Visitor: 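Sharing a structure with you now.
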Amino acid sequence: MDNFHFNNNFLIELAKKNGTPLYVYNGNLIVQRYKELFQFIPWSKLKIFYAMKANYNPAILKLLEKNNACVDAVSPGDVLLALKCGFSKERIIFTANKITDEEMHFVKSLGVLFNIDSLSRLEKYGKAYPNSDICIRFNSNVVAGEHERVRTGGESTKFGILINKSKEVTVIAKKYNLKIIGLHEHTGSGIPETVKVLEGMKNLLAIIDTETFPDLRFVDFGGGFKVPYHPQEKRIDYAKFGTEIVETFNTFCKRYGKELEMYFEPGKYIVAEAGYLIIEVNTLKENNHKLIAGTNSGFSQLLRPILYNAYHHIINLSNPQGSLKKYDICGNICESGDCFAVDREINEIREGDILAILNAGAYA
Ligand code: PLP
């Protein structure tokens with residue numbers, strides 16, 4: 001076992017001790033993924049806001065807090081939990097997507113910075129809290145992400161203010177003397193094409209000048225860093241991409257006349273690979289040559305396969321040398337879609353075997 005990967009026996013021991021289904025996280029890998037982003041993106045004013053929606057397990061939040069991370073929160077509950085886990089209000093940004101007035105007042109009372117994503121919310125916020133600092137979420141008009149349900153850019157999505165409406169933003173901000181200290185965009189999750197991320201960044205940067213947005217302290221480019229889910233998938237060269245990011249931002253800062261802070265909000269990248277869902281096989285069936293392995297978990301514990309048809313690699317921890325056979329590996333919920341994998345080749349499964357579903361750390 002190395003620091004970043006758990007071996008079969010260790011996971012089986014944990015399953016025996018704690019029972020299954022069981023989530024296990026590798027804290028060393030979480031910290032490694034968080035820290036390496038600073039090596040990949042060598043911008044001295046870089047801040048990483050962990051997108052806690054990816055996994056708000058308090059142990060993970062506390063670990064990242066100890067390592068000086070900041071946090072991207074998207075609900076009043078997120079903000080409260082982040083505060084409880086030790087993040088100071090200055091280290092939290094609240095991306096207010098479709099909130100009620102009540103939620104707005106409540107989060108404002110906690111003192112965190114708002115990232116506002118609609119003109120109507122901007123108006124309501126300005127009326128209630130004139131003369132305050134805000135960040136604006138624009139929609140950078142790029143459609144990208146590993147599944148259609150996690151593509152947040154482009155005209156047809158519910159996210160952000162279209163970049164061609166920046167004039168309206170500044171008019172409202174002026175009316176209420178709001179100081180726009182940050183601009184934000186987030187293109188999507190698990191973006192395979194780094195050119196698309198750069199395109200989103202460039203689209204946002206193109207609308208910024210000192211006359212329109214004179215008070216900027218930072219630009220926040222959201223999350224979307226992809227990790228491989230399939231063993232054959234290649235890891236993106238983030239060191240190379242980081243250099244391109246810095247070049248793009250540096251050129252912009254020279255034009256803007258000030259070295260701004262650069263924020264990113266990765267969720268998946270930091271936690272996905274560190275999570276294992278350990279489950280037990282309790283039922284084997286052969287339906288006319290189709291092998292079905294029924295387990296004691298289901299989509300209530302891991303939603304990604306049914307929601308996004310997502311691939312999660314699965315290993316048979318307790319029979320790693322078994323001959324390879326194909327199975328549908330299913331959950332215990334009464335819906336036909338409740339399967340972790342269909343026609344999946346895996347070492348022979350017997351009733352009582354313990355399986356590990358890999359990369360289950362994010363959005364699970
Ligand atoms: N920031 C915002 C505004 C998001 O909506 C999301 C995810 O949907 C993220 C960051 C994190 O994305 P990811 O986990 O793909 O890095």
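Fair warning: this is a prediction, and the values are worked out from it, not measured in the lab.
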Visitor: Is any side-chain heavy atom of Leu355 closer than 4.5 Å to a side-chain heavy atom of Phe340?
Guide: no
Visitor: Can you tell me how far CD1 of Ile346 sits from CD1 of Ile315, rounded to the nearest 0.5 angstrom?
Guide: 8.0 Å
Visitor: Linking I/L/V/M/F/W/Y whenever their side-chain heavy atoms sit closer than 4.5 Å, directly or via other members, would Phe40 and Val197 fall into one cluster?
Guide: yes
Visitor: For the pair Tyr229 and His313, evaluate side-chain contact (heavy atoms from CB on, under 4.5 Å) and give the outcome as yes or no after the intermediate values.
Guide: CA-CA 7 Å; Tyr229 277 86; His313 201 56; over 6 Å; no
Visitor: Does NZ in Lys127 sit with more than 12 non-hydrogen atoms of other residues, nucleotides or ligands closer than 6.0 Å?
Guide: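 Incorrect, the count does not exceed 12.
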Visitor: Considering non-hydrogen atoms only, spot the tightest contact between Ile207 and Ser166 and give its length.
Guide: CD1-CB, 4.0 Å
Visitor: Would you find a donor on one side and an acceptor on the other, under 3.5 Å apart, between the side chain of Asn347 and the backbone of Asn316?
Guide: no
Visitor: Give a yes or no on whether Phe252 and Val195 share a hydrophobic cluster (residues Ile, Leu, Val, Met, Phe, Trp, Tyr; joining criterion: side-chain heavy atoms under 4.5 Å apart).
Guide: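 Each belongs to a different hydrophobic cluster.
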Visitor: Kindly work out whether a path of hydrophobic side-chain contacts (I/L/V/M/F/W/Y, heavy atoms less than 4.5 Å apart) joins Phe138 to Phe49.
Guide: no
Visitor: Parallel, tilted or perpendicular for Phe114 and Tyr125, by the 30°/60° rule?
Guide: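 Tilted.
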Visitor: Does the separation of the ring centres of Tyr308 and Tyr363 fall below 6.0 angstrom?
Guide: no
Visitor: So how far is it from Ile329 CD1 to His312 NE2, rounded to the nearest 0.5 Å?
Guide: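 The distance works out to 12.5 Å.
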Visitor: Establish whether Leu113 and Val74 are linked, either directly or via other cluster members, by ILVMFWY side-chain heavy-atom contacts under 4.5 Å.
Guide: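 Leu113 and Val74: separate clusters.
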Visitor: Walk me through it: do Phe94 and Lys89 pass the test side-chain contact (heavy atoms from CB on, under 4.5 Å)?
Guide: CA-CA 10 Å; Phe94 174 58; Lys89 58 184 191 309; over 6 Å; no
Visitor: Which atom pair, heavy atoms only, marks the closest approach of Cys339 to Pro305?
Guide: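 Minimum heavy-atom contact is O-CB, 3.6 Å.
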Visitor: For a quick test of reading the model, state the closest non-hydrogen atom pair linking Ile161 to Ile116 and the distance between them.
Guide: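 Closest pair (atom of Ile161, atom of Ile116, distance): CD1-O, 4.2 Å.
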Visitor: Can you check side-chain contact (heavy atoms from CB on, under 4.5 Å) on Lys45 and Phe218, steps first, answer last?
Guide: CA-CA 9 Å; Lys45 293 183 173 177; Phe218 68 86; over 6 Å; no
Visitor: Compare all side-chain heavy atoms of Ile279 with those of Thr20 and state whether any distance is below 4.5 angstrom.
Guide: no
Visitor: Would the number of heavy atoms belonging to other residues, nucleotides or ligands and lying under 6.0 Å from CD of Glu102 be above 12?
Guide: no
Visitor: Centre-to-centre under 6.0 Å for His186 and Phe264, is that the case here?
Guide: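 Not under 6.0 Å, so no.
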Visitor: Kindly indicate whether the side chain of Asn250, heavy atoms from C-beta on, has any atom under 4.5 Å from the side chain of Lys254.
Guide: yes
Visitor: Is a side-chain donor or acceptor of Asp353 paired with a backbone partner of Arg350 at a separation under 3.5 angstrom?
Guide: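 The answer is yes, because a donor-acceptor pair under 3.5 Å joins these two groups.
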Visitor: Nearest 0.5 angstrom please: Leu162 CG to Ser118 OG, how far?
Guide: 11.5 Å
Visitor: Pick from Glu185, Lys202, Lys196: which one makes a side-chain hydrogen bond (donor to acceptor under 3.5 Å, both in side chains) with Ser140?
Guide: Glu185
Visitor: Can you tell me if NZ on Lys108 sees more than 12 non-hydrogen neighbours from other groups inside 6.0 Å?
Guide: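 More than 12 heavy atoms, drawn from other residues, nucleotides or ligands, come within 6.0 Å of this atom.
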Visitor: Please round to the nearest 0.5 Å and tell me the distance separating atom CZ of Arg121 and atom CG of Asn97.
Guide: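 Atom-to-atom, Arg121:CZ and Asn97:CG are 11.0 Å apart.
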Visitor: For Tyr56 and Val71, what are the C-alpha separation, side-chain angles and deciding distance, and is it a side-chain contact (heavy atoms from CB on, under 4.5 Å)?
Guide: CA-CA 10 Å; Tyr56 44 81; Val71 130; over 6 Å; no
Visitor: So does Glu345 have more than 12 non-hydrogen atoms from other groups sitting under 6.0 Å from CD?
Guide: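 Yes - once you tally the heavy atoms of other residues, nucleotides and ligands closer than 6.0 Å, there are more than 12.
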Visitor: Salt bridge or not between Asp220 and Lys47? Use side-chain N to carboxylate O under 4.0 Å.
Guide: no
Visitor: The test is salt bridge (Lys or Arg N to Asp or Glu O under 4.0 Å); show your working for Lys290 and Asp328 and say whether it passes.
Guide: CA-CA 8 Å; Lys290 190 172 186 56; Asp328 286 2; 3.0 Å; yes
Visitor: Hey, does Phe221 have a side-chain heavy atom less than 4.5 Å from the side chain of Leu205?
Guide: yes
Visitor: Checking the side chain of Ser318 only, and the main-chain atoms of Ile354 only, is there a donor and an acceptor separated by less than 3.5 Å?
Guide: yes
Visitor: As an exercise, state the distance from CG of Leu178 to CD of Glu123, rounded to the nearest 0.5 Å.
Guide: 9.5 Å
Visitor: How close do Tyr269 and Lys226 get, heavy atom to heavy atom, and via which atoms?
Guide: CD1-O, 3.9 Å
Visitor: Please confirm whether the backbone N or O of Glu348 pairs with a side-chain atom of Asn319, one donor and one acceptor, at under 3.5 Å?
Guide: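 Checking the backbone N and O of Glu348 against the side chain of Asn319, a donor-acceptor pair under 3.5 Å is found.
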Visitor: Indicate the atoms forming the closest heavy-atom contact of Ala82 with Ile92, along with that distance.
Guide: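 Reported closest heavy-atom pair: CB-CD1, 3.8 Å.
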Visitor: Do Thr95 and Asp117 meet the criterion of a side-chain donor-acceptor pair at a distance under 3.5 Å?
Guide: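 No, because no side-chain N or O of Thr95 sits under 3.5 Å from a partner of the opposite role on Asp117.
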Visitor: Quick check: do Tyr25 and Val271 have side-chain heavy atoms less than 4.5 Å from each other?
Guide: no
Visitor: Check Ile306 against Asp338 and note the closest heavy-atom contact, atom names and distance.
Guide: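 Scanning both residues, the minimum pair turns out to be CD1-N, 4.2 Å.
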Visitor: Does any N or O in the side chain of Arg255 come within less than 3.5 Å of the main-chain N or O of Ile208, such that one atom is a donor and the other an acceptor?
Guide: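 Confirmed, Arg255 side chain pairs with Ile208 backbone.
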Visitor: If we ignore hydrogens and angles and just use 3.5 Å, is the side chain of Asn18 paired with the main-chain N or O of Leu14 as donor and acceptor?
Guide: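 Indeed, once roles are kept as given, a pair shorter than 3.5 Å links the two residues.
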Visitor: Given side chains that start at C-beta, do those of Asn332 and Thr295 come closer than 4.5 Å, heavy atoms only?
Guide: no
Visitor: Are the side chains of Ile41 and Phe249 in contact, using a 4.5 Å heavy-atom criterion?
Guide: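 No. Closest side-chain heavy atoms not under 4.5 Å.
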Visitor: Has Tyr327 got a side-chain atom pairing as donor or acceptor with Ile349's backbone, closer than 3.5 angstrom?
Guide: yes
Visitor: When you measure from the side chain of Asn115 to the backbone of Arg137, do you find a donor-acceptor pair of N or O atoms at a distance under 3.5 Å?
Guide: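 Yes: the side chain of Asn115 pairs with the backbone of Arg137.
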Visitor: Cut-off 3.5 Å, side chains only: do Tyr263 and Glu265 have a donor facing an acceptor?
Guide: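 Side chains of Tyr263 and Glu265: no pair found under 3.5 Å.
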Visitor: Are Glu65 and Cys85 close enough that some pair of their side-chain heavy atoms sits under 4.5 Å apart?
Guide: no
Visitor: Is it possible for you to say whether Leu284 and Ile314 belong to one hydrophobic cluster, with membership spreading through side-chain heavy-atom contacts below 4.5 Å?
Guide: yes
Visitor: Kindly check if the number of other-residue, nucleotide or ligand heavy atoms within 6.0 Å of NZ (Lys84) is above 12?
Guide: no
Visitor: With a cut-off of under 6.0 Å to the ring centre and 45° to the axis, is Arg33 in cation-pi contact with Phe225?
Guide: no
Visitor: Taking 4.0 angstrom as the limit, do Glu261 and Arg217 come out as a salt bridge?
Guide: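 Salt bridge between Glu261 and Arg217, a charged N being under 4.0 Å from a carboxylate O: no.
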Visitor: Picking from Leu64, Asp72, Ile30, what satisfies side chain to side chain contact (heavy atoms under 4.5 Å, CB included) with Tyr50?
Guide: Leu64
Visitor: Give a yes or no answer on whether the side chain of Gln32 reaches the backbone of Asn28 with a donor-acceptor pair at less than 3.5 Å.
Guide: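 No; zero donor-acceptor contacts below 3.5 Å.
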Visitor: Hey, what's the ring geometry for Phe10 with Phe6, parallel, tilted or perpendicular (30° and 60° as the breaks)?
Guide: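 Correct class here is tilted.
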Visitor: Under the 3.5 angstrom rule, does the side chain of Tyr256 hit a backbone N or O of Leu216 as a donor-acceptor pair?
Guide: yes
Visitor: How far does CD of Glu280 sit from OG1 of Thr283, to the nearest 0.5 angstrom?
Guide: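 Going from CD on Glu280 over to OG1 on Thr283, the span is 10.5 Å.
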